[in-house]
Amino acid sequence: RKISEYLAPAELDAQFDFPLYWTMREVLARGGDGFDRLEAEVSRGEREYPEGAILSPLLGNHDVGRLASYADGDLPNGADEVGLAWGNAIAVDDTRAYEKIKTAFTFLFALEGAPMIYYGDEIGLAGAHDPDNRRPMRWGDRVTAAEREVFDHVARAAAARRAHPALRRGARRALLAEGDRYAFVKTHFGDAVLVALRRDGETGDFDLSVAPDLPEGTNLSDALGSGIRARVENGRVRFSLPPMTSVFLAVE
């Protein structure tokens, strides 16, 4: 509500969406809450922010620890993040952190507004609170294979966002929001994308009612390049995602 107070014709046109950031960090990086909490926060913003305001969702900036270090478990709740910034050279040692980062970027690029990338997050750069979150950027052969995979995923997600106006400005409808599975569909005139995310839960099966957003017989394929495909049959879409996977199922 405090952010909304400054979004007005005579004040600010845009704001960073920090309330959503805190929730994204908890759900997508730390894994402390389920996707139902993330959906509740997205829905709250859609209801409360003024029409026409531009919100900028983000996964980190110069005032907070690095997304990779939250995902890696180096910055748990209650940690002395300022102390860690000066006293430890934390690094990503759990490769699952990179999968969490990929999922977070998929979600970020499915949001309306102007997503912001803080330099280095596109490769999973580690770091605690300021000043440790300002490490020099690494390039070329100083980027590891795992970091390169994160970068390539971010590039594919950004390209999909450019190609599909539904991701940038489409009407959104939640299809599923529970502990480890999340899905929503976005439509914009003839364009439509079904966004699905999975964490480490026991089941990766999705059985979603997509009518009337997606017409019967519509074929969908993942714009992120996973090869996952689906088809609308009897008003439903069925597919399965491996652990820590996310897709943009776009109309073929």
Side-chain angles (χ1 to χ4, degrees), residues 3 14-33 38 41 54-111 113-162 197 199-200 224-225 243-246:
I3 287 178
Q15 280 270 39
F16 288 118
D17 196 342
F18 279 106
L20 182 56
Y21 162 74
W22 304 122
T23 305
M24 292 166 67
R25 189 176 80 182
E26 192 64 30
V27 175
L28 297 170
R30 284 177 168 159
D33 289 296
L38 189 57
E41 181 58 39
I54 300 173
L55 273 297
S56 181
L58 65 159
L59 297 173
N61 72 356
H62 60 281
D63 288 324
V64 295
R66 287 285 187 174
L67 180 71
S69 296
Y70 290 112
D72 193 52
D74 288 325
L75 303 175
N77 282 314
D80 179 7
E81 296 188 20
V82 175
L84 287 171
W86 293 95
N88 287 277
I90 60 176
V92 177
D93 15 61
D94 184 350
T95 57
R96 291 177 300 176
Y98 295 119
E99 303 308 315
K100 294 178 183 179
I101 296 170
K102 293 177 188 177
T103 301
F105 269 105
T106 299
F107 181 71
L108 181 76
F109 281 114
L111 296 172
M116 190 275 281
I117 301 176
Y118 183 49
Y119 86 93
D121 283 349
E122 72 273 27
I123 63 169
L125 197 65
H129 200 276
D130 186 14
D132 195 39
N133 57 13
R134 302 173 188 247
R135 298 182 188 184
M137 183 63 182
R138 288 186 279 104
W139 310 94
D141 58 6
R142 298 183 64 207
V143 176
T144 69
E147 292 171 335
R148 171 59 60 179
E149 288 182 7
V150 174
F151 180 87
D152 290 343
H153 179 87
V154 173
R156 288 191 295 269
R161 183 178 176 86
R162 287 194 300 271
L197 318 173
R199 298 196 304 193
D200 279 331
L224 298 178
M244 299 308 301
T245 301
S246 55

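All residue numbers in this chain count up from 1 along the given sequence.
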How long is the span from the [atom1] atom in [X] to the [atom2] atom in [Y], to the nearest 0.5 Å?
| X | Y | atom1 | atom2 | answer |
| --- | --- | --- | --- | --- |
| R161 | L108 | CZ | CG | 7.5 Å |
| E99 | S246 | CD | OG | 9.0 Å |
| S69 | D132 | OG | CG | 7.5 Å |

With a 4.5 Å cut-off on side-chain heavy atoms, are [Y] and [X] touching?
| X | Y | answer |
| --- | --- | --- |
| V27 | D33 | yes |
| L111 | L20 | yes |
| L28 | T23 | no |
| E122 | V150 | no |
| M116 | F16 | yes |
| I101 | L67 | yes |
| L58 | Y118 | no |

Sequence neighbours left out, what passes salt bridge (charged side-chain N to carboxylate O under 4.0 Å, His left out) with R138? Give chain and number order.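 Expected list: E147.
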Taking salt bridge (charged side-chain N to carboxylate O under 4.0 Å, His left out) as the test, write out the residues that go with D130, two or more places apart.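 With sequence neighbours excluded, D130 shows a salt bridge (charged side-chain N to carboxylate O under 4.0 Å, His left out) to R134, given in chain and number order.
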Keeping to residues at least two apart or across chains, list the salt bridge (charged side-chain N to carboxylate O under 4.0 Å, His left out) pairs with something in [range].
| range | value |
| --- | --- |
| residues 55-65 | none |
| residues 15-26 | E26-R30 |
| residues 65-76 | R66-D121 |

Among residues at least two apart in sequence or on other chains, which ones pass side-chain hydrogen bond (donor to acceptor under 3.5 Å, both in side chains) with [X]?
| X | value |
| --- | --- |
| R162 | none |
| N61 | none |
| D80 | none |
| D94 | R96 |

Quick check: closest heavy atoms across [X] and [Y], and the distance to 0.1 Å?
| X | Y | result |
| --- | --- | --- |
| P115 | S56 | C-OG, 4.3 Å |
| A79 | L84 | CB-CD1, 4.3 Å |
| R199 | G31 | NH1-CA, 3.5 Å |
| A97 | A68 | CB-O, 4.2 Å |

Who passes side chain to side chain contact (heavy atoms under 4.5 Å, CB included) against A110, sequence neighbours left out?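 Here the qualifying residues are L167, F184, V195, F248.
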Kindly list each side-chain donor-acceptor pair under 3.5 angstrom involving residues 151-159, sequence neighbours excluded, with atom names and distances?
unit_1	atom_1	unit_2	atom_2	d
H153	NE2	K102	O	3.0
H153	NE2	T106	OG1	2.8
R156	NE	L224	O	2.9

Between M24 and F107, is the side chain to side chain contact (heavy atoms under 4.5 Å, CB included) condition met? List the steps. CA-CA 9 Å; M24 292 166 67; F107 181 71; 3.8 Å; yes
Begin from the C-alpha positions of T103 and M244 and carry the test side chain to side chain contact (heavy atoms under 4.5 Å, CB included) through to its verdict. CA-CA 7 Å; T103 301; M244 299 308 301; 4.2 Å; yes
With side chain to side chain contact (heavy atoms under 4.5 Å, CB included) as the criterion, how do Y70 and L59 come out once you've worked through the C-alpha distance, each side chain's angles and the decisive distance to 0.1 Å? CA-CA 11 Å; Y70 290 112; L59 297 173; over 6 Å; no
Side chain N133, main chain H62, donor-acceptor under 3.5 Å: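 At least one qualifying donor-acceptor pair exists.
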Could you check R148 against I123 for side chain to side chain contact (heavy atoms under 4.5 Å, CB included), going step by step and ending with a plain yes or no? CA-CA 6 Å; R148 171 59 60 179; I123 63 169; over 6 Å; no
Any idea how F18 and Y21 line up, ring-wise: parallel (<30°), tilted (30 to 60°), or perpendicular (>60°)?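 Perpendicular.
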